Protein chains: 2
Amino acid sequence: MPVTIKDIAKRTGKSITTVSRALHGYNDVSPETRELIVRVANEMGYTPNLLAQRLQKQRTDTIGFILPTFGPRFSDPFFSEFLAGIGSSATKYGFDILVSTQPPGEKELEAYRKKVTGRQVDGFVLVRTRCHDPRIQYLRETRTPFVAFGRTEGEIDYPYVDEDGASGMRLVVEHLVRLGHQRIAYISPPLIFTFARDRLRGVQETLSDAGLTLPDMYLVYGDLTQRSGKVQAQALLDLFEPPTAIIAGNDLMAFGVMSAIQERGWKVGKDIAVAGFDDIPMSEATHPPLTTVHQPIYQIGSLVTEILIKIILGETPEQTQYLMKPRLIIRQSCGAQSDH
Amino acid sequence: MPVTIKDIAKRTGKSITTVSRALHGYNDVSPETRELIVRVANEMGYTPNLLAQRLQKQRTDTIGFILPTFGPRFSDPFFSEFLAGIGSSATKYGFDILVSTQPPGEKELEAYRKKVTGRQVDGFVLVRTRCHDPRIQYLRETRTPFVAFGRTEGEIDYPYVDEDGASGMRLVVEHLVRLGHQRIAYISPPLIFTFARDRLRGVQETLSDAGLTLPDMYLVYGDLTQRSGKVQAQALLDLFEPPTAIIAGNDLMAFGVMSAIQERGWKVGKDIAVAGFDDIPMSEATHPPLTTVHQPIYQIGSLVTEILIKIILGETPEQTQYLMKPRLIIRQSCGAQSDH
DNA sequence: ATTATAACCCAAAACGTTTTGGATGTCAAT
DNA sequence: ATTGACATCCAAAACGTTTTGGGTTATAAT
């Protein structure tokens with residue numbers, strides 16, 4: 001039912017070749033013919049069938065993004081913002097985004113493989129990289145273009161954008177130490193994620209530079225959700241000698257920490273300092289506002305996508321590995337400023 | 001470079017017709033031939049070229065979802081969860097999701113149009129419906145399958161899933177009235193959204209049933225973000241006669257309300273009651289936990305998608321309009337239970 | 001010995017594009 | 001009158017599938 005190039009050819013009395021060439025601005029079409037064809041195409045409301053176009057061109061102008069969902073109640077503000085960033089670059093270059101959801105595990109690679117060999121996408125944006133990431137290995141082997149948000153361990157060379165989590169944590173810890181804290185606890189995200197190792201390393205190194213340590217009982221693990229931050233914080237507060245400051249590996253868990261503290265009737269920032277990591281928009285509107293490390297997720301999403309598209313288009317981006325320098329955002333949750 | 005059906009034909013000495021039919025389980029292929037073809041296909045790592053398949057079948061097995069992004073710092077936990085819901089149904093039926101981002105406005109319809117006439121998607125999932133929604137009008141006119149999360153005003157008949165926001169607010173207001181509140185304020189989302197009108201209506205009607213009113217000074221407007229909830233709450237608290245309870249049109253704004261209250265050193269739930277709407281996962285881990293109306297976003301995303309796919313496949317779903325009955329989740333923010 | 005039936009196979013068309021490799025006609029220069 | 005250059009056009013192949021409408025062979029029934 002929709003109008004094809006063939007319909008235009010019939011209507012104008014020209015060949016389909018000429019129609020195609022006229023519409024694409026080739027110069028072997030006379031001005032009058034071109035004018036006629038363009039007019040008729042508009043009249044008939046022609047839009048090219050992208051499937052056919054892509055089959056012929058052997059390019060899809062689509063980038064893939066597979067959401068690593070963990071369970072049904074999946075709601076990380078991170079992804080909304082990241083996706084918006086991907087979208088902005090994609091739209092700019094006329095690319096589409098093919099999204100699917102897939103929990104890590106057995107079938108994960110299969111999902112990538114199907115999109116690659118089914119020629120549904122020209123490349124992938126990867127997120128939440130893991131220390132030994134099978135996806136990266138697979139995509140490298142098959143020479144599928146991809147750019148990752150995050151690094152892996154080892155010497156593999158591939159395009160990525162990452163924030164320097166170790167330096168970020170250094171800023172946080174130094175700030176807390178400066179405020180006089182000696183007993184600092186850390187709630188780490190699962191160590192399969194590279195960013196979790198970086199951040200943990202940052203915490204440990206900075207503490208030891210300051211002549212302090214991170215004893216085992218002050219190192220606990222959460223799963224990035226607010227709820228797990230709350231649970232872990234409760235355990236920390238139950239200790240015989242509870243910490244005076246708690247750092248969470250991400251903002252969401254930091255929120256949980258704050259509510260655990262408040263439930264006991266203590267004051268965040270005064271009785272116990274709290275800090276997070278990510279600076280999601282919500283962090284400035286909590287009570288008290290959260291001290292955290294800023295991570296420009298939207299910009300990173302946008303940058304990652306831009307690099308990917310350049311690689312797909314065969315341009316060589318001037319730089320393919322970015323390590324962002326983090327910025328500490330001091331708010332009231334660590335007690336540096338007067339708390340209300 | 002990737003292996004096609006033609007390669008398999010050459011290798012097995014069969015025709016491409018036979019290869020295709022063997023792989024699709026037609027019964028005019030001998031068992032031995034089929035076994036041979038399947039084996040060779042596996043050996044060579046064949047996966048069909050979906051572009052070609054779709055061009056031929058005139059179906060894309062893809063549903064479209066256009067994120068209505070407002071500005072760069074876009075981070076609504078709603079969408080992560082909704083997208084996960086879409087994903088679960090899509091995967092179940094072997095459908096893909098084509099996502100793009102587009103702020104409402106001039107070019108919005110164009111984005112939909114391009115995907116429809118470019119035959120990139122078989123249908124759309126719509127979200128954040130507005131009272132007079134040009135998207136719905138367009139999709140109806142072009143007979144493009146779609147299912148919406150949310151209703152519009154007027155008598156237009158189309159498939160949707162929605163939660164009964166008016167009843168939801170009735171539950172909230174009744175609960176607050178029962179607790180003795182007389183001065184109740186409401187922070188409404190922008191009234192271009194149908195759900196905002198429903199919720200406002202629910203608040204007003206229930207108040208008037210209880211012999212109360214919602215005076216103009218107690219009705220303010222926010223843009224769904226936590227920050228705007230905070231700003232609006234501050235204004236309400238500055239009133240000569242501030243409300244004793246504040247209802248926010250969504251949870252995110254309710255969080256902002258709570259931190260505005262806490263910044264003044266008041267106690268949420270004791271000095272002022274707060275309630276939200278949505279029951280996003282974070283709501284149970286705030287301090288105090290938020291009283292709110294549950295909205296099963298993941299399930300709604302999944303249901304909407306399932307209906308859409310059935311329509312696309314030509315099956316007639318037994319029901320195409322769902323109005324969910326809301327459920328009130330009572331937590332400490334409204335003071336019903338003892339606050340810590 | 002013919003015919004009918006069943007089992008198995010395949011050539012060719014189709015989906016809607018783009019690109020290749022000419023074909024045709026005109027005009028100017030020789 | 002021939003040649004060359006240029007402008008304008010188009011048929012056919014190609015991208016990788018599925019489907020249509022047969023064809024061939026072997027076996028069973030007459």
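It should be emphasised that the depicted structure is a prediction, and the values quoted were computed from it without experimental measurement. Proteins get letters first, then strands, A, B, ... in listed order; numbering begins at 1 in each.
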**OP:** Measure across A:Pro48 and A:Gln53 and return the closest heavy-atom pair with its distance rounded to 0.1 Å.
**Re:** CB-NE2, 3.5 Å
Subject >> N or O in side chain of A:Gln58 less than 4.0 angstrom from D:dG16 OP1/OP2 >> reply: yes
**OP:** Quickly work out the B:Asn49 CG to D:dT18 C1' distance and round it to whole Å.
**Re:** 13 Å
Subject >> Minimum-distance nucleotide to B:Thr17 side chain [options: D:dG16, C:dC10, C:dG16] >> reply: C:dC10
Subject >> B:Arg130 bridged to B:Glu108 by N-O distance under 4.0 Å >> reply: yes
Original post:
Residues from residues 18-35 of chain B sitting under 4.0 Å of DNA chain D, heavy atoms only?
Top reply: B:Ser20, B:Arg21, B:His24, B:Tyr26
Subject >> Nucleotide D:dC15, atom C1' - distance to CD1 of B:Ile5 in whole Å >> reply: 14 Å
Subject >> Under 3.5 Å donor-acceptor pair, B:Ser15 side-chain atoms to C:dA11 base atoms >> reply: no
Original post:
Judged by modelled atom types alone, do A:Asp122 and A:Thr60 share a side-chain donor-acceptor pair under 3.5 Å?
Top reply: yes
**OP:** Please check the phosphate of C:dT17 (OP1 and OP2 only) for any side-chain N or O of A:Lys57 closer than 4.0 Å.
**Re:** no
Subject >> Whole angstrom value for the distance that separates C1' of C:dT17 from CG of A:Asp61 >> reply: 14 Å
Original post:
Are A:Arg140 and A:Phe146 in a cation-pi contact, defined as NZ or CZ under 6.0 Å from the six-membered ring centre and within 45° of the axis?
Top reply: no
Original post:
Can you tell me how far C1' of C:dT17 sits from NZ of A:Lys6, to the nearest Å?
Top reply: 10 Å
**OP:** May I ask you to verify if any side-chain N or O of A:Lys14 is less than 4.0 angstrom from the OP1 or OP2 atom of D:dC9?
**Re:** yes
**OP:** Using whole Å, report how far CD1 of B:Ile16 lies from P of C:dA14.
**Re:** 15 Å
Original post:
Would a distance-only check, ignoring hydrogens and angles, find a side-chain to backbone donor-acceptor pair under 3.5 Å from A:Thr305 to A:Gly301?
Top reply: yes
Subject >> Rounded distance in Å - CD (A:Gln56) to C1' (D:dA13) >> reply: 10 Å
Original post:
For A:Leu55 and D:dA13, what is the distance between atoms CG and P respectively, to the nearest whole Å?
Top reply: 17 Å
**OP:** Could you check which of C:dT17, D:dT17, D:dT19 has an atom nearest any side-chain atom of B:Gln53?
**Re:** D:dT17
**OP:** For B:Thr4, answer base if it contacts any base atom (sugar-phosphate contacts may also be present), sugar-phosphate if it contacts only those atoms, and nothing otherwise; contact means non-hydrogen atoms under 4.0 Å.
**Re:** sugar-phosphate
Subject >> Carboxylate-amine/guanidinium contact A:Lys114 A:Glu110, below 4.0 Å >> reply: no
Subject >> Ion pair check, B:Asp96 and B:Arg54, cut-off under 4.0 Å >> reply: yes
Original post:
What's the CZ-P distance between B:Arg59 and D:dG16, to the nearest Å?
Top reply: 22 Å
